Amino acid sequence: MLNYLSALPGAVAQGLIWGLMGLGVFITYKVLDIADLTVDGTLCTGAAVFSVAMIAGVNPWISLILAILSGLAAGALTGVFHICLGIPAILAGILTQMIPWSVNLKILGKPNVSISFRTYPVLLSLSNPPRAILVGVLFAAGVIAMLYWFFGTELGASVRATGSNPVMCRAQGINTNMTKILGLSLSNGIVALSGALLCQYQGFTDINMGRGAVVTGLAAVVIGSAIVNKLSLNFAVKLAGVFFGAILYFLVYQTVIFIGLDSDLLKMLSALVVTVFLGTPYVKKELSKAGSIRKGGNSRA
């Protein structure tokens, strides 16, 4: 039991780091209404750029900026594929996801690279969970504040409106092509930031570290939405809910490991959780519709 309790701070720290990744998914999935799979590649790109920059002796804050810029570029590339070449968004994301895999391998020079906190001045590490939680909270608060401000501006409101009603946006003179590219870039920039923090926390960057990341991001979004939507519809609360969802996900993850469930099944468990949360509203709607039809038939009889 003591081992389980001692592992909980680490689960919270991971939840905060992956919550940033969830925010990136939130922007594309909830705000833009686009299924973007680029994030599986962008997470590793941010980690790879940060790791190589640190090894080269670059300041960690500048390394973070470089990682974010790499994510912005990857998101913009997905937008160009989708907008300029007419490729469906989900396929554009898959294509861009494949490109960073090769780019990441070239950046790293080998499948994995170590950036031990004993050698490099990283901002957080697995060996110090309280510091990792503090850094995670500060980054979470900073990104939430930035997004809340941005989506309150005219440009940010245009991005939100594009996801809600693109036809009306175009009628109002909004360039929906540019807002989509901007939203995809912003999303993947935040995901790359998450990757940069994650590689510091775990002490290494692996070429496959982003595989299946979109499922974790979706889990954070849907669990967080289920938690906070009943409390408030404020946009900042919705953003914070993503972090609550991610933290809860990793606490459950840690609990599952503690009770002895095969860790190889955790990805499947994540997919099933997301499926339940996404499918429940539709099933409830269909059941309600069927009930209304039966009541209508009985009244006519």
Side-chain angles (χ1 to χ4, degrees), residues 18-43 45-46 65 67-97 99-100 140 142-195 210 213-214 216-218 220-222 224-225 233-243 245:
W18 281 89
L20 286 170
M21 194 272 179
L23 278 187
V25 175
F26 179 90
I27 292 172
T28 52
Y29 177 65
K30 288 288 189 179
V31 177
L32 278 180
D33 194 25
I34 291 177
D36 179 32
L37 299 181
T38 312
V39 294
D40 277 17
T42 310
L43 185 81
T45 299
I65 294 173
I68 294 171
L69 290 176
S70 70
L72 292 172
L77 182 61
T78 299
V80 169
F81 284 166
H82 175 48
I83 300 301
C84 300
L85 300 181
I87 300 173
I90 191 168
L91 294 180
I94 292 172
L95 292 174
T96 313
Q97 178 192 123
I99 293 172
V143 174
I144 288 174
M146 181 202 73
L147 291 178
Y148 185 73
W149 168 81
F150 171 73
F151 283 111
T153 65
E154 183 177 350
L155 180 58
S158 298
V159 175
R160 295 178 68 179
T162 298
S164 299
N165 194 331
V167 176
M168 181 60 73
C169 286
R170 286 191 289 269
Q172 296 296 322
I174 297 174
N175 187 337
T176 56
N177 290 339
M178 289 306 300
T179 53
K180 286 180 181 179
I181 292 175
L182 176 61
L184 286 165
S185 296
L186 181 60
S187 166
N188 285 278
I190 295 173
V191 172
L193 171 61
S194 175
V214 67
T216 304
L218 277 173
V221 171
V222 297
S225 297
L233 295 179
N234 181 274
F235 189 68
V237 175
K238 290 183 177 181
L239 295 176
V242 176
F243 288 93

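Just so it is clear, the model here is predicted, and its values are computed rather than measured.
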Can any side-chain N or O of Ser187 pair as donor or acceptor with the backbone N or O of Gly183 at less than 3.5 Å? no
Measure the CD1-OG distance between Ile65 and Ser70 for me, rounded to the nearest 0.5 Å. 12.0 Å
Show the nearest heavy-atom pair for residues Ser194 and Leu43, with the distance to one decimal. OG-CD1, 3.8 Å
Shortest non-hydrogen contact from Leu184 to Leu32? N-CD1, 3.8 Å
Are Phe243 and Leu20 close enough that some pair of their side-chain heavy atoms sits under 4.5 Å apart? yes
Heavy-atom donor-acceptor pair, Thr179 side chain to Thr176 backbone, under 3.5 Å: yes
Do Ile99 and Phe81 have side chains that approach each other closer than 4.5 Å (heavy atoms only, starting at C-beta)? yes
Check whether any side-chain heavy atom of Phe150 lies under 4.5 Å from a side-chain heavy atom of Leu182, and answer yes or no. yes
Heavy atoms of other groups near Met168 CE, more than 12 under 6.0 Å: no
Do the non-hydrogen side-chain atoms of Leu186 and Leu147 ever get within less than 4.5 Å of each other? yes
When rounded to the nearest 0.5 angstrom, what distance separates CZ in Arg160 from SG in Cys169? 12.0 Å
Of Asn175, Thr28, Ile83, Val159, the residue whose pairing with Lys180 passes side chain to side chain contact (heavy atoms under 4.5 Å, CB included): Ile83
For the residue pair Thr38 and Val191, establish whether any side-chain heavy-atom pair is separated by less than 4.5 Å. no
From CG (Leu72) to CD1 (Ile181), nearest 0.5 Å: 13.0 Å
Which heavy atom in Gln97 sits nearest to a heavy atom in Gly41, and how many Å separate them? CG-N, 3.9 Å
Output the distance between atom OG1 (Thr78) and atom CG (Leu91), rounded to the nearest 0.5 Å. 11.5 Å
Is the side chain of His82 donor-acceptor paired with the backbone N or O of Pro88 at a distance under 3.5 Å, no angle test? no
Reported CZ-to-OG1 distance for the pair Arg170 and Thr162, which is rounded to 0.5 angstrom: 8.5 Å
Report yes or no: does Asp40 contribute a side-chain atom to a donor-acceptor pair with the main-chain N or O of Val214 at less than 3.5 Å? yes
Sequence neighbours left out, what passes ring-ring contact (aromatic ring centres under 6.0 Å, His included) with Phe151? Give chain and number order. Phe235
Can you list the steps and then say if Asn188 with Thr42 is a side-chain hydrogen bond (donor to acceptor under 3.5 Å, both in side chains)? CA-CA 6 Å; Asn188 285 278; Thr42 310; 2.8 Å; yes
Using 0.5 Å steps for rounding, measure from the CE atom of Met178 to the OG atom of Ser158. 12.0 Å
